[in-house]
Amino acid sequence: MTMTGVGILTEDVLTALYEAHARPLHRYLARRLDPATADDLVAETFLQAWRQRARYNATRGTARAWLYGIATNLLRNHTRGEVRGLRALAREHARSVQGDPPDALAAARVDAANAANRLAGALAGLRTEERDVLMLIALADFTPAEAAEALGINVTTARTRLHRARHTLREALSDSLSLFSEEPPDA
């Protein structure tokens, strides 16, 4: 939906925005959080949009980017607990002792669990700004330009943050990635 001007969000326009963007926004948030929390954040996003309707400026970006920007800000406030949970998961995994798996399927599951735990730790270790860009691109199918628009930053900054996030994750997961790219042993 394209709008022009500043502060023209009427009830009808916001209803149309909700119909067009609530489901994809919910999918994006639910991939980062649980569905119930995503429900709450979608509702809060549209409540904030209504409260901020006089400040909306279509010349600064699309309505979609504006809504995702609001949602990302709400998500940032919520993710302080998410980051603590990811770090706790990584610490828990580090303390757990894994025995020798009885078969190849069990070994693959252990390897996948190890990689998931390392990913959780690596995601928690990213700077908030880097994680926001990465998640908009990975989970909401945004382009770097759309992520920049949603976050109120320039495209070069978004691409730089994405590059740093990918580099950090690649480094943190390099051992895990090699596990999955190696040829399985002959049985």
Side-chain angles (χ1 to χ4, degrees), residues 1-87 89 116 119-120 122-170:
M1 166 168 281
T2 304
M3 294 176 286
T4 59
V6 178
I8 62 161
L9 289 180
T10 64
E11 187 175 334
D12 291 338
V13 171
L14 193 61
T15 298
L17 285 174
Y18 181 85
E19 290 171 0
H21 299 291
R23 283 189 184 138
L25 185 60
H26 185 273
R27 277 192 301 273
Y28 165 68
L29 293 168
R31 291 174 86 180
R32 296 208 44 198
L33 305 164
D34 62 279
T37 305
D39 289 341
D40 294 342
L41 288 180
V42 168
E44 184 65 23
T45 297
F46 283 93
L47 180 62
Q48 289 294 325
W50 179 251
R51 288 178 181 156
Q52 297 173 17
R53 69 188 181 277
R55 295 194 319 231
Y56 174 74
N57 184 345
T59 63
R60 291 179 34 203
T62 65
R64 177 178 181 242
W66 180 62
L67 290 170
Y68 275 81
I70 292 169
T72 298
N73 286 332
L74 293 170
L75 183 63
R76 279 183 187 155
N77 294 334
H78 181 81
T79 55
R80 287 183 188 97
E82 177 188 39
V83 169
R84 284 191 297 272
L86 290 169
R87 288 186 177 140
L89 180 64
L119 177 60
L123 285 170
L126 291 175
R127 290 182 29 231
T128 301
E129 299 83 9
E130 294 169 354
R131 188 172 44 254
D132 288 342
V133 171
L134 178 71
M135 293 301 189
L136 281 170
I137 290 169
L139 300 181
D141 295 324
F142 271 38
T143 65
E146 291 170 323
E149 193 176 313
L151 298 172
I153 58 177
N154 69 50
V155 178
T156 303
T157 302
R159 286 186 175 128
T160 300
R161 290 177 182 175
L162 177 62
H163 173 76
R164 287 181 184 155
R166 286 176 173 166
H167 177 76
T168 300
L169 291 177
R170 238 182 258 115

### Query
Any idea how F142 and Y68 line up, ring-wise: parallel (<30°), tilted (30 to 60°), or perpendicular (>60°)?
tilted
### Task
Test side chain to side chain contact (heavy atoms under 4.5 Å, CB included) on L169 and L134 and set out the steps.
CA-CA 11 Å; L169 291 177; L134 178 71; 3.4 Å; yes
### Message
Using a 6.0 Å cut-off, check whether atom CZ of R23 has over 12 heavy atoms from anything other than its own residue.
### Response
no
#### Entry: Rounded distance (nearest 0.5 Å) linking atom CZ of R161 with atom CG of D132
8.5 Å
### R127 atom CZ: more than 12 heavy-atom contacts under 6.0 Å
yes
### Euclidean distance, T160 OG1 relative to I153 CD1, rounded to 0.5 Å
9.0 Å
### Query
Minimum heavy-atom separation for W66 to Y56, with atom names?
CD2-CD1, 3.4 Å
### Query
Would L29 and T37 count as a side chain to side chain contact (heavy atoms under 4.5 Å, CB included) if you check the C-alpha gap in whole Å, the side-chain angles of each, and the deciding distance to 0.1 Å?
CA-CA 8 Å; L29 293 168; T37 305; over 6 Å; no
### Query
Can you check whether Y28 reaches L75 side chain to side chain, under 4.5 Å on heavy atoms?
yes
### Query
If you round to the nearest 0.5 Å, how far is NE2 of H167 from CG of L162?
13.0 Å
### Query
If you round to the nearest 0.5 Å, how far is CZ of R131 from CG of L136?
12.0 Å
#### Entry: Heavy-atom pair of closest approach, residues A30 and A38
N-CB, 3.5 Å
### Message
Quick one, H78 with L33, criterion side chain to side chain contact (heavy atoms under 4.5 Å, CB included). Give me CA distance, side-chain angles, the key distance, then yes/no.
### Response
CA-CA 9 Å; H78 181 81; L33 305 164; 3.2 Å; yes
### R64/E149 salt bridge by N-O under 4.0 Å criterion
no
### Message
Could you report the tightest heavy-atom contact between F46 and L25, atom names first, then the distance?
### Response
CE1-CD2, 4.1 Å
### Query
So do P144 and V133 actually touch side chain to side chain, heavy atoms under 4.5 Å?
no
#### Entry: Heavy-atom closest pair, residues E146 and D141
OE1-O, 4.0 Å
### Query
Are any of the side-chain heavy atoms of R53 and L14 separated by less than 4.5 Å?
no
### Query
Rounded to the nearest 0.5 Å, what separation is found between the CD1 atom of I70 and the CG atom of N73?
8.0 Å
### Query
Quick one: CG on L126 to CE on M135, what's the gap to the nearest 0.5 Å?
8.0 Å
#### Entry: Nearest heavy atoms of R31 and L139, plus distance in Å
NH1-O, 3.0 Å
### Message
Whether the side chain of R51 engages the backbone of Q48 through a donor-acceptor N/O pair (distance < 3.5 Å, no angle test) should be reported.
### Response
no
